[in-house]
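All ligand and atom numbering here is 1-based and tracks the order in the structure. Remember, predicted model here, so these are calculated numbers, not experimental data. Quick note: residue numbers are just sequence positions, from 1.
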Amino acid sequence: MTELNSATSPNPDTLKVALLGCGNVGSQVARILLRDADSLAARTGARLELIGIAVRDLELARDPAIPAALFTDDARALVRSADLVIELLGGIEPARELIRSALEHGASVVSGNKALLAAEGPALYELADATGVQLSYEAAVAGAIPILRPIRDSLAGDKITRVLGIVNGTTNYILDQMDSTGADFESALAEAQRLGYAEADPTADVDGHDAAAKAAILASLSFHTRFALENVHCEGIRTISAADIEAARASGLVIKLLAIAEKVELDGAGQAGVNVRVHPTLLPREHPLASVRGAFNAVFVEAEYAGELMFYGQGAGGLATASAVLGDLVSAARRIVLGGPGRTETTKGSVPALGIDAVQTSYSIGLEVADQPGVLAKVAQIFAAHGVSIETMRQTIHPAAEATGSTARYAELRIVTHRAIESALAATVAQIRDLDVITSVTSVLRVEGV
Ligand SMILES: NC(=O)C1=CN([C@@H]2O[C@H](COP(=O)(O)OP(=O)(O)OC[C@H]3O[C@@H](n4cnc5c(N)ncnc54)[C@H](O)[C@@H]3O)[C@@H](O)[C@H]2O)C=CC1
Ligand SMILES: N[C@@H](CC=O)C(=O)O
Ligand code: NA
């Protein structure tokens with residue numbers, strides 16, 4: 001391995017590519033780089049030579065399509081010899097240290113690591129700018145879907161007002177399986193893991209953290225201001241029960257985990273901030289996002305001049321994600337071949353990050369109440385006191401629960417509100433919880449798109 005980057009010589013015939021990680025995505029990237037070497041060279045203007053693949057365990061049986069000689073357990077040395085580094089390890093360290101080392105050595109970097117980019121993106125970008133190389137991460141948000149490049153480049157002359165999407169394939173797969181086949185949560189998750197959609201630690205998917213990292217990246221690029229993970233309100237899908245899914249279906253709705261970044265007007269004087277959030281959301285079945293099935297993702301972008309745009313495709317899976325990685329790689333390689341400055345990020349704006357309390361949404365609230373006179377009036381009074389108006393209220397009377405020896409009938413209420421400020425909705429629910437006639441608040445879900 002030579003220490004000199006070929007990128008430093010003008011018009012290089014060959015660019016050296018180091019791959020870090022050979023898991024679901026990395027192994028597919030390696031296969032494509034080897035199999036499609038000629039066509040990639042034709043598109044790039046230089047050969048993309050895979051010089052090594054950093055793995056943790058050299059003894060592990062690997063894909064026979066990848067020559068064994070390419071594997072190394074010395075990622076640091078590999079990075080120092082490359083013109084282009086592809087980071088597909090996941091996690092914060094050693095990914096951060098290796099990316100920094102690559103950028104400092106003048107290598108461009110392609111990464112799919114949203115956890116790292118949400119946490120460290122701006123610092124890494126500054127480093128890439130300082131050394132005149134590129135840091136690209138299309139794979140990090142919505143897998144194969146070209147979404148970051150359109151936001152950053154194609155919409156650079158527009159003003160984005162709202163981004164709303166399904167950006168986690170694993171949770172969409174789980175919710176879809178629960179809805180369409182009645183599968184239970186655990187078996188749907190196990191299948192998502194088997195299919196290579198889930199993160200190494202799937203709690204990142206299930207608890208919404210993966211979607212939150214993507215939401216932070218999307219918001220930062222869309223609103224030209226850095227939004228950190230701490231700015232993202234995050235709720236996962238662990239609390240969604242089969243009963244919630246059934247109740248949604250009965251009302252012509254479907255539950256999806258949505259990432260939303262939207263401009264919120266603070267007053268009539270043009271003051272605005274941005275709220276970024278991830279939470280399970282009820283959508284009408286005819287809403288375009290409702291028909292996004294399996295591990296597919298879709299992102300709606302609303303912009304002042306372009307209007308509504310929708311991006312749809314495979315949000316997870318090794319091969320599909322490899323497509324986004326290769327796209328970034330060829331683009332970065334072309335810049336080396338053709339010369340010219342790298343792309344710069346514009347996340348130095350100062351739009352305030354607003355908490356979820358400031359947003360307008362509507363709630364679907366499930367309640368179990370005593371079946372006695374006056375209950376509805378008490379509940380309705382609380383809504384009125386908070387200025388929240390009720391759009392629909394459905395009541396189902398259940399017979400006494402014989403199994404528990406109870407003789408009292410009880411009623412199930414499902415209330416859908418009109419749009420209101422989140423803080424008023426949350427305060428309404430909190431006060432309802434304390435009513436003596438309420439047995440339990442069985443679910444609270446936000447509703448969009450009605
Ligand atoms: N799987 C998917 O559908 C998508 C994954 N991504 C991202 O791409 C990255 C890779 O994802 P996957 O391939 O699914 O993960 P994976 O867990 O299948 O692969 C990661 C590989 O890196 C290896 N590794 C970890 N630390 C290492 C180290 N210090 N040295 C050498 N090897 C090391 C692991 O042993 C594993 O083989 C992650 O950042 C993930 O968030 C992004 C979009 C979609
Ligand atoms: N685990 C992620 C993989 C892609 O980013 C997901 O399920 O979407
Ligand atoms: Na993408």
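The ligand atoms of ligand 2 that sit less than 4.0 angstrom from a heavy atom of N168 are 2 (C), 6 (C), 7 (O), 8 (O). In summary, the atoms of ligand 2 found under 4.0 Å from a heavy atom of A198, numbered by their order in the structure, are 1 (N). The ligand atoms of ligand 2 that sit less than 4.0 angstrom from a heavy atom of E199 are 1 (N), 2 (C), 3 (C).
Considering both main-chain and side-chain atoms, P94 never comes within under 3.5 Å of ligand 1 through any nitrogen or oxygen pair. Annotation: K114 places an N or O atom under 3.5 Å from an N or O atom of ligand 1; distance criterion only. Where the criterion is an N or O separation shorter than 3.5 Å, residue side chain and backbone included, G196 meets it with respect to ligand 1.
Contact annotation: for A139 versus ligand 1, heavy atoms closer than 4.0 Å belong to the backbone alone.
One of the N, O or S atoms belonging to I145 lies under 3.0 Å away from the Na ion (ligand 3).
Closest to atom 18 (O) of ligand 1 among all protein heavy atoms lies N24 N, 2.9 Å.
Assignment of A140 to the shell around ligand 1 is not supported, since no heavy atom sits closer than 4.0 Å. Under the 4.0 angstrom criterion for non-hydrogen atoms, G143 is not in contact with ligand 2.
Using a 4.0 Å cut-off between charged side-chain N and carboxylate O, E235 and R277 make no salt bridge.
For atom 7 (O) of ligand 2, the candidate residues are I166, T170, T321; the nearest heavy-atom contact is made by T170.
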